[in-house]
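In what follows, residues are counted from 1 in the order of the sequence shown. Scope of the values below: all heavy atoms of this structure, side chains included, with no hydrogens, waters or symmetry mates.
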Amino acid sequence: MQRVLFRPAKQRLVEFIEIEEPSHGRHFLCVSVAKGKVVQLSIVRCQISQTPLKSGSKKSHTKRSSIQECYRRTEIWSLQDLTLVDGRDADVVRTVTAISCSAKYAFVRALVALSDQHCQRSLNLRNFDWTYIKPTSFYSNRGDCVVLSQICFYAFNLVCLSMCPVPLDA
């Protein structure tokens, strides 16, 4: 995607996740930075069309050229225009559903960092757990492995607490 879609437009692809969309093909939510430090979000659709080959004819397109032709931006907006990112409720202007929770948090971490760096404002987030987004003094980089290990730690504590005997004072 970087080489085919963003580099020719003088942009650097920072993060992308696969999302669920009603139309056919694979869809990605991408965030990129242009030369003028303008941060853009875009929905990219990838649909490889399979054209039947006629018997006796040479293959006119290689696999590489068909991949280059499959990416198309369907929507573009600026990070400056983004007023709210809601992690749960879908009663907003544009609903985007990530294919996994870890992908959603990875993308929001990138948005928060880019908003702080390029827009000099904090992003308005709702229904997200901030401990998984912003680094703390204990964790310098909140990657997916850190999130998973913290969830396992909490689960282990709950199991230990549930095994503790409860005194039955009557």
Between R7 and R3, the two heavy atoms sitting closest are NH1-CG, 3.9 Å
Check: S122 main-chain N/O paired with S115 side-chain donor or acceptor under 3.5 Å: no
Show, in sequence, the C-alpha distance, side-chain angles and deciding distance for L111 and L41, and conclude whether the side-chain contact (heavy atoms from CB on, under 4.5 Å) test is met. CA-CA 9 Å; L111 285 180; L41 288 98; 3.8 Å; yes
Hey, any chance I99 and V85 share a hydrophobic cluster, counting ILVMFWY side chains that come within less than 4.5 Å of each other, even indirectly? no
Decide, yes or no, whether a salt bridge links E21 with R45 under the criterion of side-chain N to carboxylate O below 4.0 Å. no
Let's go through E15 and L114 carefully: what are the C-alpha distance in whole Å and the side-chain angles of both, what is the deciding distance for side-chain contact (heavy atoms from CB on, under 4.5 Å) to 0.1 Å, and is it a yes or a no? CA-CA 10 Å; E15 184 76 44; L114 288 170; over 6 Å; no
Under the side chain to side chain contact (heavy atoms under 4.5 Å, CB included) test against I19, which residue among K104, R26, H27 passes? H27
According to a 4.5 Å side-chain heavy-atom criterion applied to Ile, Leu, Val, Met, Phe, Trp and Tyr, with indirect links allowed, do F153 and M163 form part of one hydrophobic cluster? no
Closest non-hydrogen atom pair, T83 against N124: O-CB, 3.1 Å
On a heavy-atom basis, the closest approach of N127 and R88 is OD1-NH2, 2.6 Å
Atom CZ in R121, atom CG in L82: separation rounded to 0.5 Å? 6.5 Å
Determine, step by step, whether V108 and L123 satisfy the side-chain contact (heavy atoms from CB on, under 4.5 Å) criterion, reporting the C-alpha distance in whole Å, the side-chain angles of both residues, the deciding distance to 0.1 Å, and the verdict. CA-CA 9 Å; V108 170; L123 219 66; 5.6 Å; no
State, to 0.1 Å, how close R73 and V44 come at their nearest heavy-atom pair, and which atoms those are. CG-CG2, 4.1 Å
With a 3.5 Å distance limit and no angle check, can you tell me whether Q2 reaches the backbone of L13 through a side-chain donor-acceptor pair? yes
From M1 atom CE to C70 atom SG, the distance as rounded to the nearest 0.5 Å: 9.0 Å
So, applying ring pair (Phe, Tyr, Trp, His ring centres under 6.0 Å) with F16, which one of F28, F6, F107, Y71 is it? F28
Shortest non-hydrogen contact between D129 and Y105, atoms and distance: N-OH, 3.0 Å
Quick check on the hydrophobic clustering: are F156 and I151 connected, directly or via other members, by side-chain heavy-atom contacts under 4.5 Å? no
If hydrophobic clusters are built from ILVMFWY residues whose side chains come within less than 4.5 Å, do V14 and V38 share one? no
Hey, any chance V96 and I76 share a hydrophobic cluster, counting ILVMFWY side chains that come within less than 4.5 Å of each other, even indirectly? no
Can you tell me if D86 uses its side chain to pair, donor with acceptor, with the backbone of D89 under 3.5 Å? yes
To the nearest 0.5 Å, what is the distance between CG (L5) and SG (C30)? 7.5 Å
How long is the span from the NE2 atom in H118 to the CD atom in Q80, to the nearest 0.5 Å? 11.5 Å
